[in-house]
There are 2 protein chains.
Amino acid sequence: MISKKTKYGLKALTYIARQEGNMVPIAQIAEKEHIPHKFLESILLLLRKSGFLGSKKGKGGGYYLLKEASEIYMTDVMRILEGPIAPVACVSLNYYEKCEDCDDETTCSLNKLMIQVRDANLNVFRNTTLENLK
Amino acid sequence: MISKKTKYGLKALTYIARQEGNMVPIAQIAEKEHIPHKFLESILLLLRKSGFLGSKKGKGGGYYLLKEASEIYMTDVMRILEGPIAPVACVSLNYYEKCEDCDDETTCSLNKLMIQVRDANLNVFRNTTLENLK
DNA sequence: GCATAATCCTACTTATCCGATAGGGAATAT
DNA sequence: ATATTCCCTATCGGATAAGTAGGATTATGC
């Protein structure tokens, strides 16, 4: 199950994408998408620092997409918001960590299944962009 | 990412399946798979109560599979150990819950993507049994 | 019958993370 | 100036994850 952070983040990105380049203030997204204002603020901050969003302060300011919606892939968004796409770190492409309880990963009984799950999810996320959510 | 409970549970089931019907005591699994004994105990208890395992107390006792490994589907095991397979409750087949922040689920921008993710995972788990992990 | 080996069960602890909030600071438009 | 908006750090309560404790219960073999 994905976190609310991820869910809110995806909804916010979609909302912004629909405004076609206009500045979108946090308050507007929060109200329309029923997301707690301050929580959303921290999520948009993260998305800005991660290179998805630009922002402008002051009256008339807000957030906007830095790239075309069709160039924003779910693989990248999910990795920032949710973390690893793989179900276990030892088969993660971007967040690899050695397995503590395994003597040998290549002979681990779960390895194949975990890779299948990872690839099934990657396949979905690689073929979905923000444009597809609009 | 799956929990350690799930990972340990799957490893334990695989280990038991490999013993071809013999009684397997907790201590043996814990040692060979490097799983904390008491933690494993609670997991096996759950798997027994869920109908996957049988047990026998006393000397020479232990756990054994109640069904053929080829009849134990990952969909069922994962739902017990990890919970919903769907990434959000509002597209879950077995753990459905209404979405709080959505006015209308059918028009939610995330709905399609979440269903795709759910189905991708279901497809893997439906086509994998414990026999495949042996 | 008794020691031993195993599961059964409830409760507890401890640490971590999630979701959310607080409170001000800094920039910008009018 | 002032209102508006994002920026940043810190904090907090609650839930969940991971693991532990300790004894009760049941079965075996001598």
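Bear in mind that the values here come from a model prediction, so they are computed numbers and not experimental data. Below, chains carry the letters A, B, ... as their sequence lines are ordered, and counting in each starts from 1.
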Whichever of Lys4(A) and Gly58(A) has the more 5' nearest nucleotide on DNA chain C, that residue is Lys4(A)
More than 12 heavy atoms of other residues, nucleotides or ligands under 6.0 Å from NZ of Lys112(B): yes or no? no
Identify whether the distance between the nearest side-chain nitrogen and carboxylate oxygen of Asp101(A) and Lys4(B) falls below 4.0 Å. no
Rounded to whole angstrom units, what separation is found between the CE atom of Met23(A) and the C1' atom of dT4(D)? 14 Å
If you only use heavy atoms from C-beta on, which nucleotide in dA5(C), dC8(D), dT20(D) is closest to the side chain of Leu45(A)? dC8(D)
From the set dA20(C), dC9(C), dA29(C), return the single nucleotide nearest to any side-chain atom of Glu41(B). dC9(C)
Base, sugar-phosphate, or nothing: which does Lys38(B) touch, judged by heavy atoms less than 4.0 Å apart? base
Residue Lys56(A), side-chain atoms from C-beta onward, closest of dC8(C), dT28(C), dA20(C): dT28(C)
Do Ile2(B) and Met78(B) make a side-chain contact, defined as non-hydrogen atoms from C-beta onward lying under 4.5 Å apart? yes
Rounding to an integer number of Å, can you tell me how far Lys7(B) NZ sits from dG19(D) P? 10 Å
Nearest listed nucleotide, side chain of Lys57(B), among dC9(C), dC6(D), dA27(D): dA27(D)
Atom-to-atom span, CD1 of Ile43(B) to C1' of dC9(C) - whole angstrom: 16 Å
Is there a side chain to side chain contact (heavy atoms under 4.5 Å, CB included) between Leu65(A) and Leu130(A) once you walk through the steps? CA-CA 10 Å; Leu65(A) 294 185; Leu130(A) 193 53; 3.9 Å; yes
Choose from dT21(C), dA18(D), dA27(D) the nucleotide whose nearest atom is closest to any side-chain atom of Ser3(B). dA18(D)
Atom-to-atom span, CZ of Phe39(B) to C1' of dT16(D) - whole angstrom: 11 Å
Determine: side-chain N/O of Ser42(B) to OP1/OP2 of dG19(D), distance under 4.0 Å, yes or no. no
Return the value, rounded to whole Å, for the distance between atom NE2 of His34(B) and atom C1' of dG19(D). 18 Å
For atom CG of Leu81(A) and atom C1' of dG19(C), their distance in whole Å: 15 Å
Any side-chain N or O of Arg48(B) less than 4.0 Å from the OP1 or OP2 oxygen of dT7(C)? no
Would you mind reading off the distance between Leu53(A) atom CG and dT5(D) atom C1', rounded to a whole angstrom? 15 Å
Looking across every strand, which nucleic acid part, if any, lies under 4.0 Å from Leu44(B) by heavy atom: base, sugar-phosphate, or nothing? nothing
Check this one for me: any side-chain N or O of Tyr63(A) less than 4.0 Å away from OP1 or OP2 of dC7(D)? yes
Taking every heavy atom of Tyr64(B) against every heavy atom of Lys56(B), the minimum-distance pair comes out as CE2-N, 4.4 Å
Rounded distance in Å - CD1 (Ile35(B)) to P (dT20(D)): 13 Å
What's the closest nucleotide to the side chain of Lys49(B) if the choices are dC9(C), dC8(C), dG19(D)? dC9(C)
Side chain of Tyr8(B) (C-beta onward), nearest among dA21(D), dG19(D), dA27(C): dG19(D)
Check ion pair Lys7(B)-Glu100(A) (N to O, under 4.0 angstrom): no
